[in-house]
Each structure stands twice: as C-alpha cells, then as structure tokens.
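Structure first, then comments.
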Amino acid sequence: MDQNAAPDTAQLMEQILYEVKRVVVGQDRFLERVMVAMLAQGHLLVEGVPGLAKTLTVKTLANVVQGQFKRIQFTPDLVPADLVGTRIYNQKTGDFSTSLGPVFANLLLADEINRAPAKVQSALLEVMQERQVTIAGESHKVPSPFLVMATQNPIETEGTYPLPEAQVDRFMMKVMVDYPTDEEEYVIVERVTGPAVQVNAVATTDQLAVLQAQCRQVYVDPSLVQYAVKLVSATRTPEKHGLKDVARFITFGASPRATIGLVEGARALAMLRGRSYALPEDMTDLVPDVLRHRVVLSYEGLSEGLDSDALIAKIMKQVPPPARPLEHEKRAA
C-alpha cells in the first residue's frame, strides 16, 4: 500500500464507519465483518433473529458510499426472473427488450434466503461468482462494487430450503448476529423514537473501488498463507494434523475458497485497523466466520450435539498461528 495514501485511506474508512454508527447502535463486530466483506469483495451470510438491524446496516452503508441498494424478500413462489430480470415483448414495435432485475445493484440484500427453492438459488450462483447475469443467452455485468448480503432466520425452519453446498461456499463469511446489551437497547429505543438521523454521503463507489484495489496490496507473509492452508487442510484430513478424534465428526471439510477467504479477509481487517501488513491476529479473528458454514458435520457429530464452531475451536487449538514474522516489523519500521 502506498504509504502516502494510508492516512487518507484510514480517514475515509473511519468516516464511513462513523456515519453508519450514527444510525446503527452496537453491532460493532457485525459492522466490521460487513466492511471486511466490502473491502475483500466477498459476500456475507448473516444469521440472526429478526429486528437486529441487519437490513438497516446495509441500507445505511449503501447511502454512505452513494451506492445502489436493493432488497429482495425471498419467498417460496419466487422465480429466477424476479431476481435477474427477463425479456419483455413490445407489441407496438414487435421487438423484445431486456428488463434487468434487482440484482443489478452495488449492495444486494437477500432477505431470508433459505425461503426460496433451488431454482432461484441457482440464479444467484452465477451473479455471486461471475458478477454477471445471462438473460436469453446475453451476458449483463452487474455494477461494481457488488456485494450480496444474505440473511437467514434461525428460528422458523418450516417452509425453508437448505442452501446448496455450492452456494454456501460462495459466501466468504457466515456471521452470527446476537441481541444487543441492555445499554445498547436503551440507546436504540432513544434513537428510533427520537428525531430521524440523516446520514451524510462521505464516499463514492469509485472511492470504494480504490479502497478495494489498495486492499489487494496489503502484505501477507508466506507463513500466514501457510497457516491458512494448514487450518483448511485440518478440516479435510484431521488425522494428519493430530486430530484423530475430530475426523469422525466431519463429513466434508472446507474448499480452497476458504483459504482464499482467510487471506483476503486478513488483508481487509489489517487495512481497517490502519496497517499495510497483516498480522496473525487479523487472520485468527476471522477463522470461525470463514469456516463455520463450510465444515459439514457428520450424523455422529450432530447426534453428540456438536456444532462447527466447537470443531473449529479444536482445530485452532491444534494448529497454532505463526509468530509475528520479522518481515512485518521491517515493513512497519
């Protein structure tokens, strides 16, 4: 990262966070993960009960960076055309025109994503990976930057469809959002019942694209990349890493997308913390979020009441992070 650009970058990100926090109370960890996903150009899967400001956070962020925000409420009767768009016949001219769907936005909120059938989920697959949509054999690029944030409600499972593994893997992180503290809830009530807060647009989508490009230049030491590889490898073949007792609880481990997500996420978090190099703690902070939705538990694991977070904690205990490499200190100096 250009050292001269660093203060401006840190200042701009601080301003973005400040504006969002004027509206959203608490949820610091969740907000940090949204910023990481934005900088690392990854998608976010969010699980939490209704009413925890998930929609409000993304909508406010879109206003702050002057991006287009669209929200799709997923329902069992949704069809792919409702997402990506369709061809419309004009009777007057006798021509077909393309009507683009709501996925053409900078920030797309897929609300209660697990309520729609597989056909609709597959329509999201292409746009999440390729950043484009194919309608009647013609490709249309979605605007850049592009971030999909999908929410899942953990309470009601009636009328929901499990997400296909291929789609779950396309989400860089899965974040759990919890209830606010009593103090935070008091402030929430004061804010919601008081005069409306107008957020200021402090950045543009072009500036965000510059931030994303700078994020790719954050230095990640080879030992950190090696650590990410080892962690992900331990979810696939635990016995090779001295975790023989864990092997029977895991059916499938994480894919290489998890390793990429860990490295990209560590870069983004380091940048958010005002550094041009990643430290081991930048990566370890994100490990549960990047791996929890990618580790598929066996029936044995489920019957013993285990969850992926518990297994990831065991793996992290067994696979230690590297010491702070000297290279970082040199670069910092």
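The shown structure was predicted, so the numbers you read here are calculated from the model rather than taken from an experiment.
- If you chain together hydrophobic residues whose side chains sit under 4.5 Å apart, M149 and V175 fall into the same group.
- Checking side-chain atoms of T60 against main-chain N and O of L56 turns up a donor-acceptor pair under 3.5 Å.
- When atom types are taken as modelled, the side chain of R131 and the backbone of K141 share no donor-acceptor pair closer than 3.5 angstrom.
- The closest side-chain donor-acceptor pair between E126 and T134 falls under 3.5 angstrom.
- Side chains of D285 and R273 form a contact here, defined as non-hydrogen atoms less than 4.5 Å apart.
- A salt bridge links E264 with R267: the closest approach of a Lys/Arg side-chain nitrogen to an acidic carboxylate oxygen falls below 4.0 angstrom.
- Using a 4.0 Å cut-off between a side-chain N of Lys or Arg and a carboxylate O of Asp or Glu, E47 and R292 do not qualify as a salt bridge.
- The backbone N or O of A228 sits nowhere less than 3.5 Å from a side-chain atom of T259 that would complete a donor-acceptor pair.
- Looking only at atom types and distance, the side chain of S255 has a donor-acceptor partner in the side chain of D169 under 3.5 Å away.
- With contacts defined as side-chain heavy-atom distances shorter than 4.5 Å, the pair L83/F74 qualifies.
- Side-chain contact check for L224 versus D282: every heavy-atom pair is 4.5 Å or farther apart.
- By the neighbour-count criterion of 12 heavy atoms within 6.0 Å, atom NZ of K21 is densely surrounded, having more than that number from other residues, nucleotides or ligands.
- Here the side chain of H140 pairs no donor or acceptor atom with the backbone of L100 at under 3.5 angstrom.
- Side-chain N/O atoms of D221 and S223 include a donor and acceptor closer than 3.5 Å.
- In the displayed structure, E304 atom CD is contacted under 6.0 Å by more than 12 heavy atoms of other residues, nucleotides or ligands.
- For K240, the salt bridge (charged side-chain N to carboxylate O under 4.0 Å, His left out) criterion is met by no residue, not counting sequence neighbours.
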